[in-house]
Amino acid sequence: MITVTTLRKMKEKGEKITMLTCYDASFAKVMNNVGVEILLIGDSLGMTIQGHTSTLPVTLEHMIYHTQNVAKGNQKALLVADLPFGAYEGSVESAFQNSVQLMKAGAHMVKLEGGLDQVEKTAYLSKRSIPVCAHLGLTPQSVNALGGYRVQGRDQAVADEMIEAAKAHEAAGASLIVLECIPKDLAKAITAQVNIPVIGIGAGVDCDGQVLVLQDMLGIYPDPPSFSHNFLAETNSVALAVKAYVDAVKTSQFPTEQHSFN
Ligand code: KIV
């Protein structure tokens with residue numbers, strides 16, 4: 001069974017960590033079979049499963065349902081479940097109660113989007129036995145405030161604040177960080193400056209691990225982001241495509257320059 005301790009040791013040894021989004025029991029088994037260490041029950045399910053144009057309509061009930069389904073198929077991986085939009089923007093106590101429901105559904109960790117403004121939540125949850133993954137950079141729940149899905153942290157002040165936020169989340173007790181859609185050198189700097197594992201998506205090859213959205217890496221989501229890669233096209237089998245992704249991440253062959261930002 002993969003735990004936060006396993007992931008820490010992998011970072012220390014420089015062994016790449018693999019993570020994929022997963023929304024059901026069947027795919028949890030496929031991913032277990034090829035050794036994906038972390039399954040993310042991502043609120044991207046609002047787009048990939050429900051067909052919305054953003055993650056905003058996803059509710060806590062949806063996240064609980066999919067977390068339960070993934071947990072039934074999972075035997076080995078660490079399960080991270082997203083706190084959906086609106087489930088943690090209020091009081092720390094309501095964020096805690098909503099996180100408890102995800103943990104009771106089978107999650108081993110919850111993920112929340114946001115920088116310095118969310119550090120208080122990370123501290124509150126971590127102190128109450130809820131491991132937290134902090135999601136920085138492009139935070140899809142803020143797509144309306146950000147003005148679209150675009151690279152974050154090219155501006156020096158924004159980059160400096162992201163580094164500060166990563167360190168603050170670590171100090172507050174976060175167990176993991178996801179960096180989405182940021183320049184590769186910024187991701188490299190953040191990865192080097194914290195002791196907790198850092199997982200990138202559109203953040204270059206120098207993070208401690210990588211995550212992709214399942215439907216993007218299978219090439220079945222229309223108009224996938226440029227930082228993704230269609231692993232099914234080369235393998236012709238879903239199981240082999242997931243294995244090819246794991247192998248490519250473990251050997252630092254994915255992501256390439258083509259999937260990274262400057
Ligand atoms: O919901 C999701 O799939 C995510 C990934 C993009 C990291 O948060």
Side-chain angles (χ1 to χ4, degrees), residues 7 17-24 27-28 31 36-60 62-67 69-70 77-88 99 102 107 109-115 118 122 132-143 146 148-153 162 166 169 174-182 187 190-191 197-204 207-218 220-221 223-229 242 245 249 254-255 259-261:
L7 300 178
I17 299 165
T18 57
M19 178 171 178
L20 278 174
T21 66
C22 185
Y23 317 104
D24 66 36
F27 270 104
M31 292 177 193
V36 179
E37 281 95 6
I38 311 175
L39 309 189
L40 171 63
I41 302 98
D43 62 353
S44 52
L45 67 86
M47 299 167 84
T48 58
I49 304 288
Q50 299 175 335
H52 297 295
T53 54
S54 80
T55 60
L56 272 66
V58 177
T59 65
L60 185 65
H62 297 149
M63 293 307 304
I64 291 169
Y65 172 75
H66 285 280
T67 302
N69 292 341
V70 172
L78 183 102
L79 303 189
V80 179
D82 265 333
L83 280 161
F85 181 62
Y88 58 103
S99 301
L102 291 175
M109 185 181 295
V110 300
K111 178 161 79 59
L112 49 80
E113 298 182 5
Q118 294 296 357
T122 292
V132 174
C133 172
H135 183 153
L136 307 174
L138 172 58
T139 46
Q141 291 172 13
S142 305
V143 61
L146 295 173
Y149 299 104
R150 55 184 64 176
V151 180
Q152 303 295 311
M162 213 182 295
H169 276 286
S175 302
L176 199 65
I177 292 174
V178 163
L179 298 177
E180 179 166 356
C181 216
I182 66 169
I190 292 173
T191 305
V198 174
I199 311 293
I201 173 166
C207 299
D208 300 309
Q210 298 292 327
V211 57
L212 282 180
V213 170
L214 175 66
Q215 281 77 356
D216 289 343
M217 59 80 70
L218 292 179
I220 57 172
Y221 189 78
D223 203 15
S226 64
F227 55 72
S228 190
H229 178 75
V242 177
Y245 166 73
V249 172
F254 178 82
H259 309 107
S260 308
F261 302 106

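Counting starts at 1 for both ligands and their atoms, following the listed order.
Residue contacts with ligand 1, taken as heavy atom pairs separated by less than 4.0 Å, do not involve T55 at all. Of the heavy atoms in L40, only side-chain atoms (C-beta onward) come closer than 4.0 Å to ligand 1. Residue contacts with ligand 1 for D43 involve both N, CA, C or O and side-chain atoms from C-beta outward (heavy atoms, distance under 4.0 Å).
Close contacts between ligand 1 and T21 involve ligand atoms 3 (O) [criterion: under 4.0 Å to a heavy atom]. Taking a cut-off of under 4.0 Å to the non-hydrogen atoms of D82, the atoms of ligand 1 that pass are 1 (O), 2 (C), 8 (O). Shown in contact with E180 at under 4.0 Å from a heavy atom are these atoms of ligand 1, numbered in order with element: 6 (C).
When hydrogens are left out, the protein atom nearest atom 2 (C) of ligand 1 is S44 OG, 3.3 Å; that is the closest non-hydrogen contact. Of the protein's heavy atoms, K111 NZ, 2.7 Å lies nearest to atom 8 (O) of ligand 1.
H62 and Q50 form a side-chain donor-acceptor contact under 3.5 Å, judged by distance and modelled atom types alone.
Residues Y88 and E113 come closest through the heavy atom pair OH-N, 3.0 Å. The two atoms that bring E180 and F227 nearest to each other are OE2-CZ, 4.4 Å, heavy atoms only. Smallest separation of non-hydrogen atoms from V70 and Y23: CG2-C, 3.4 Å.
Counted within 6.0 Å of OH on Y221, heavy atoms from surrounding residues, nucleotides or ligands total more than 12; the atom is thus considered enclosed.
In this structure the side chain of F85 never reaches within 4.5 angstrom of the side chain of V58, judged on heavy atoms.
Using bins of under 30°, 30° to 60° and over 60° for the plane-to-plane angle, the ring pair H229/F254 lands in the tilted bin.
Inclusion of Y23 in the set of residues having an N or O under 3.5 Å from an N or O of ligand 1 is not warranted.
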